[in-house]
Amino acid sequence: MAKPSTLQKHLRDQYLPIFRKMMGMSPAQAKRTFKDLYKKVTEEARKEDTLNLPPDLGDRLLEREAEDKKVSELLAKKSGEGVRDEDICWWWNMHDLERRMISKVDEVFIYALFLKFTKEDGLTPEEANKKVWEIRPMFGNPADTSYAKGKNRPLPDELRQRVNAYMTKRARKDPEGLKREVEQCSSFNAFIRKEIQAGRL
């Protein structure tokens, strides 16, 4: 059997405790889940030929912004969504498999929530989907309007770290106030966009 790569070991050490603590998985379940997800993201990366992207892709994108029209347009769109240069570096300087694992694990959490709302709380799939969008940030392609439109659209992946840090800080400081503010918005993403626009995030 092939020896796990350093990256694979790093990701496994990172995600096994998360699966166990936050999803209540047994050690065996956590290992199996990680193995399945790692296999999926590796296959996707091979198919899309992104396994050998440079490790400093974020820095390179910012360097090319002034001279490459395509890169300039891409970064301008992201900037319009509140993405900063440091967010570009954080996300795009990661290994492709790290980025894919973040997105894939997020999908697992979303699906677990959806199942809870439908199976335990008795909501319809439509109601469950709406509730998920109301209580957590949803990331992806902001141009994707298949599930939500306007301010409710997916947030760029580059904002993940900043949003998580902001939410952790706010939840620690004033959880009730945060809950009230989020509930006044049409979705969690609309709340995040409001905070970005106000310069608080």
Side-chain angles (χ1 to χ4, degrees), residues 2-19 22 33-111 136-148 151-169 188-189 192-193 195-197 199-201:
K3 194 179 171 191
S5 68
T6 309
L7 176 65
Q8 186 179 351
K9 187 180 181 308
H10 162 71
L11 291 171
R12 190 177 59 206
D13 292 347
Q14 185 182 333
Y15 285 111
L16 290 191
I18 292 172
F19 293 152
M22 294 176 73
T33 302
F34 174 78
K35 194 178 167 189
D36 291 345
L37 292 179
Y38 189 81
K39 189 181 171 193
K40 269 184 200 166
V41 297
T42 307
E43 282 168 3
E44 284 172 10
R46 280 205 186 105
K47 207 178 281 180
E48 292 170 35
D49 197 24
T50 54
L51 270 175
N52 295 312
L53 287 172
D56 59 346
L57 185 55
D59 297 327
R60 291 188 190 204
L61 285 169
L62 294 173
E63 280 166 17
R64 284 169 54 193
E65 187 177 7
E67 62 206 40
D68 189 320
K69 195 173 173 231
K70 272 188 181 174
V71 172
S72 172
E73 285 171 1
L74 172 79
L75 295 183
K77 277 182 191 172
K78 292 187 181 296
S79 176
E81 290 285 350
V83 174
R84 300 173 185 156
D85 287 359
E86 57 264 35
D87 303 321
I88 295 288
C89 289
W90 169 75
W91 182 252
W92 292 103
N93 284 356
M94 259 190 267
H95 192 283
D96 185 57
L97 292 183
E98 282 186 89
R99 285 194 296 272
R100 288 178 185 273
M101 276 298 288
I102 288 171
S103 301
K104 201 63 82 179
V105 170
D106 204 27
E107 284 172 24
V108 170
F109 277 101
I110 291 164
Y111 187 60
R136 72 181 315 282
M138 304 290 270
F139 297 93
N141 179 3
D144 178 8
T145 55
S146 51
Y147 290 103
K151 291 177 180 175
N152 307 320
R153 293 170 296 113
L155 297 162
D157 285 308
E158 292 89 347
L159 288 176
R160 284 177 183 272
Q161 182 174 243
R162 238 170 77 209
V163 168
N164 289 341
Y166 179 74
M167 295 317 300
T168 303
K169 189 178 160 191
F188 206 102
N189 284 8
I192 293 297
R193 285 191 164 95
E195 295 302 282
I196 288 172
Q197 207 168 10
R200 289 188 289 265
L201 196 160

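Remember, it's a predicted structure, so these values are computed and weren't measured experimentally.
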Side chain to side chain, Val163 and Glu195, heavy atoms closer than 4.5 Å: no
N/O donor-acceptor pair under 3.5 Å between Asp87 side chain and Arg84 backbone: yes
Thr50-Arg100 side chain donor-acceptor pair, cut-off 3.5 Å: yes
CZ on Arg46 to CG on Asp96, rounded to 0.5 Å: 12.0 Å
Sub-4.5 Å side-chain heavy-atom contact between Val108 and Tyr15: no
More than 12 heavy atoms of other groups within 6.0 Å of Tyr111 OH: no
Arg12 side chain to Phe34 backbone, donor-acceptor under 3.5 Å: no
Residue pair Tyr147 / Asn152, side-chain heavy-atom distance below 4.5 Å: no
Heavy atoms from other residues, nucleotides or ligands near CG of Asn52 exceed 12 (cutoff 6.0 Å): no
Electrostatic pair Asp36:Lys39 at N-O distance under 4.0 angstrom: no
Non-hydrogen atoms of Pro156 and Phe139 that approach each other most closely: O-CD2, 3.4 Å
Heavy-atom check, side chain of Tyr38 versus side chain of Lys104, under 4.5 Å: no
Rounded distance (nearest 0.5 Å) linking atom CE of Met101 with atom NE2 of His10: 10.0 Å
CG on Leu51 to CD on Glu44, rounded to 0.5 Å: 11.0 Å
Minimal non-hydrogen separation, Asn93 against Asp56, with atom names: OD1-C, 3.2 Å
Neighbour count >12 (heavy atoms, 6.0 Å) for atom CD, Glu86: yes
Interatomic distance, Leu57 atom CG to Arg99 atom CZ [nearest 0.5 angstrom]: 6.0 Å
Main-chain N/O of Pro142 paired with Arg153 side-chain donor or acceptor, under 3.5 Å: yes
Minimum side-chain heavy-atom gap Arg200-Tyr166 below 4.5 Å: yes
Distance-minimising heavy-atom pair for Pro154 and Asn189: CA-ND2, 3.5 Å
Asp157 side chain near Ile102 side chain, heavy-atom distance below 4.5 Å: no
The single option from Ile110, Ile192, Leu155, Asp106 passing side chain to side chain contact (heavy atoms under 4.5 Å, CB included) against Met138: Ile110
Leu11 side chain near His95 side chain, heavy-atom distance below 4.5 Å: no
Short side-chain donor-acceptor distance under 3.5 Å, Gln161 and Trp91: no
Heavy-atom side-chain contact between Glu98 and Leu7 under 4.5 Å: yes
Point-to-point distance, once rounded to the nearest 0.5 Å, from CZ of Arg162 to CD1 of Ile196: 5.5 Å
Spacing of Ser79 atom OG and Leu74 atom CG [to the nearest 0.5 Å]: 11.0 Å
Full working for side chain to side chain contact (heavy atoms under 4.5 Å, CB included) between Leu75 and Leu62: CA-CA 8 Å; Leu75 295 183; Leu62 294 173; 4.0 Å; yes
Check: Asn164 main-chain N/O paired with Thr168 side-chain donor or acceptor under 3.5 Å: yes
Carboxylate-amine/guanidinium contact Lys69 Glu73, below 4.0 Å: yes
